[in-house]
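Notes to accompany the following structure.
Here is how names work: the chains are called A, B, and so on, in the same order as the sequence lines, proteins then strands, and each is numbered from 1.
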2 protein chains.
Amino acid sequence: MIRVVVVDDEQLVRAGLRLILEAAEDITVVGEAADGSGALEQAHRLRPDVVLLDVRMPGVDGLTVAPDVVAAGPKVIMLTTFDLDEYVHRALRAGAVGFLLKDTPPRELATAVRTVAAGNAMLAPTVTRRLISSFADRGPARRDAARQRLAPLTARELEIVREVARGHGNAEIARRLTMSEATVKAHVSRALAKLQAGNRVQLAILVHDADLL
Amino acid sequence: MIRVVVVDDEQLVRAGLRLILEAAEDITVVGEAADGSGALEQAHRLRPDVVLLDVRMPGVDGLTVAPDVVAAGPKVIMLTTFDLDEYVHRALRAGAVGFLLKDTPPRELATAVRTVAAGNAMLAPTVTRRLISSFADRGPARRDAARQRLAPLTARELEIVREVARGHGNAEIARRLTMSEATVKAHVSRALAKLQAGNRVQLAILVHDADLL
DNA sequence: GTCCGGCCCGGACGGCGGGTAGGGGTCTTC
DNA sequence: GAAGACCCCTACCCGCCGTCCGGGCCGGAC
C-alpha cells in the first residue's frame with residue numbers, strides 16, 4: 001500500500017485528489033496539509049511514501065519547502081496549473097521526481113504516484129519536452145567534440161592542461177606536479193600546437209567543455 | 001486520425017504493435033519497416049505523424065537513421081528493451097521526442113503516440129528519472145552562482161571579459177572593440193580585482209559557467 | 001648493437017599579460 | 001554649482017607566458 005500526503009491550500013482540491021487516489025486500491029491518503037509548513041510537519045510525522053505538493057500556496061509555498069520535504073524521506077510530486085520554466089527548474093533542483101499539471105487525467109495521477117513510489121520519475125508531457133530540448137542543446141554534443149579534440153594529447157600533457165583549466169599559473173603547476181616551470185611551459189606549448197590553440201585560455205575552454213576537472 | 005509507421009526487425013513485434021495501436025480509434029498504422037533504410041523510405045513516402053523506431057536492428061539500426069527520420073518530418077519514438085545511457089543520449093540528441101521500453105503497457109503506448117503527435121514528449125519513467133538527475137547535477141546550479149559572481153562587473157567590463165573567455169588576446173580584443181590595448185588591460189585588471197581572480201583563465205571559466213558567449 | 005621515434009624534461013630569449021597612477025566625462029547630492 | 005562617485009580611457013614598468021632549441025630516457029625495427 002502506497003501512503004500519500006496531499007498538500008494544497010484549497011480544501012476542494014484536496015478532497016478531489018483524495019477521492020481520485022483512494023479509488024486506487026494500492027494507494028491510501030494518510031494526511032493532508034494546506035501550506036508548506038504543514039506539509040513538512042506531516043512528512044516528518046507520518047513518513048509517507050509520496051507527497052503531492054502544490055506550488056502556489058499562501059504562507060510557505062511548495063517550491064520553498066520541497067527541499068526539506070525531500071530531505072525528510074518521501075518522494076515529491078509537484079502539482080501546478082502553469083508549467084513555468086522557473087517552477088520546473090526549482091522543483092527538479094529541489095529533488096522532486098514528479099511535476100504534473102492540474103489538468104492531468106485522474107488515471108495518470110495514480111500512475112504517477114505508483115511510478116515515483118517505485119523509484120522512477122514522471123513529468124507532464126510539456127515539461128518532458130522542454131527538458132529534452134534543454135538536454136539536447138547543452139547536452140554531450142560539445143562534450144564529445146571537445147574530448148575528441150583533446151585526444152592527441154599525451155597523458156602528461158592532458159594532466160598539465162587540466163591544471164591550466166583550473167586557472168593555475170605555470171609556477172604553481174610546477175610545484176604541484178614537482179617539476180621545473182620550464183617543463184610545464186614546454187608541455188603547454190606542445191598542447192597548444194597539437195590543438196591549434198593560441199592561448200592557454202582556449203585550452204581551459206576545451207577542457208571545460210570536455211567536462212574534465 | 002494519427003498516422004503511424006512501425007519499425008522493428010521482428011515481424012511478430014510489428015504485428016503486436018499494430019494490434020495495440022489499431023485498437024485505438026484515433027490511431028492508424030499506415031506502414032511497417034524492418035530496418036533503418038526501410039524506415040527512412042517509408043517516412044519520406046508516407047509522411048506519417050509518428051514513427052515507432054526500434055533501436056537494435058540488423059543493417060542500419062534505429063539510432064543511426066533517427067536524425068534523418070526526424071529531418072523527414074515525423075515525430076520519432078524510440079523503442080528498446082534496455083534503457084542504456086548511450087542509447088538515450090543519442091536518441092535525444094537525434095531529435096527523438098519519445099523513448100519507451102518494450103515492457104510499456106499497451107495503454108501507455110497509445111498515450112505516448114497521442115502525446116508526441118500533439119507536440120509534446122514522453123519518456124519511460126526510468127529514463128525520465130536519470131534525465132532529471134543529470135539536469136539537477138549539471139543544471140543551473142553553477143550557472144546562477146557564476147552569474148552572481150559576475151554581477152559586480154560593469155557592462156563594459158563584462159563585455160571585455162566575455163571576449164577574454166573566447167580566448168582572444170588583449171591586442172585582438174582592442175581591435176574588435178576599437179580601443180587601446182592599455183584600456184583592455186585596465187578593464188581586465190579591474191575585473192580580476194572585483195572577482196578576486198588571479199588569472200584571466202579563471203575569468204574565462206566563470207563566464208563559461210555562467211553560459212555567456 | 002644501432003638507429004629511430006616518441007615522450008618527458010630543462011634553459012634562454014621576445015612578447016603578452018597584469019599592476020599602478022592618473023586624466024576626462026557624466027550623474028547624483030547637498 | 002561644486003564636491004563626490006562612478007565609469008571609461010590612456011601610459012609606463014615588471015613578471016609571467018609562450019617559443020625555440022637541446023638533452024636524457026625507453027621502446028621497437030633491422
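- Straight-line distance from the CZ atom of B/R200 to the C1' atom of C/dG18: 9 Å, rounded to whole Å.
- No side-chain N or O of B/H187 forms a donor-acceptor pair with one of B/E157 less than 3.5 Å apart.
- Between C/dG17 and B/N170, a contact under 4.0 Å exists linking OP1 or OP2 to a side-chain N or O.
- Using a 3.5 Å distance cut-off with no hydrogens or angles, the side chains of A/H168 and B/N199 do not pair a donor with an acceptor.
- One atom, CZ of B/R156, and another, P of C/dT26, lie 16 Å apart when rounded to the nearest Å.
- Counting only heavy atoms from C-beta on, A/T154 has its side chain closest to C/dC7 among D/dC8, C/dC7, D/dC17.
- Among the nucleotides C/dC8, C/dG17, D/dT19, the one closest to any side-chain atom of A/S189 is D/dT19.
- Sequence order on DNA chain D of the closest nucleotides to B/A182 and A/K185 puts B/A182 first from the 5' end.
- Closest to the side chain of A/E157, from the set C/dC8, C/dG18, D/dT19, is C/dC8.
- Nearest to the side-chain atoms of A/E181 among the listed nucleotides D/dA11, C/dG11, D/dC17 stands D/dC17.
- C/dG10 atom P lies 12 Å from atom CG of A/L177, rounded to whole Å.
- Rounded to whole Å, the distance from CD on A/E159 to P on C/dC7 is 15 Å.
- Along DNA chain D, the nucleotide nearest to B/T183 and the one nearest to A/A197 differ in position, and the one closer to the 5' end is contacted by B/T183.
- Residues A/N170 and A/R200 have side chains that bring a donor and an acceptor to within less than 3.5 angstrom of each other.
- With rounding to whole Å, B/I160 atom CD1 is found 9 Å from D/dC8 atom C1'.
- Remark: B/R130 engages B/D83 in a salt bridge, criterion side-chain N to carboxylate O under 4.0 Å.
- Distance B/L192 CG to C/dT20 P: 12 Å, rounded to the nearest Å.
- Of the candidates C/dG10, D/dT10, D/dC8, D/dC8 carries the atom nearest the B/H187 side chain, counting heavy atoms from C-beta on.
- Looking at the side chain of A/A186, the nearest of the listed nucleotides C/dC9, D/dG18, D/dC9 is C/dC9.
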Side-chain donor-acceptor pairs under 3.5 Å in residues 71-80 of chain A, sequence neighbours left out?
from: A/T80; atom 1: OG1; to: A/F82; atom 2: N; distance (Å): 3.4
from: A/T80; atom 1: OG1; to: A/F82; atom 2: O; distance (Å): 3.3

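- For B/S180, taking side-chain heavy atoms from C-beta onward, the closest of the listed nucleotides C/dC9, C/dG17, D/dA11 is D/dA11.
- Rounded to an integer number of Å, the gap from CD of A/Q196 to P of D/dG18 is 17 Å.
- In this structure, B/R190 atom CZ and C/dG19 atom P are separated by 12 Å, rounded to whole Å.
- Of the candidate nucleotides D/dC7, C/dC9, D/dT10, D/dT10 has the atom lying nearest to any side-chain atom of B/M179.
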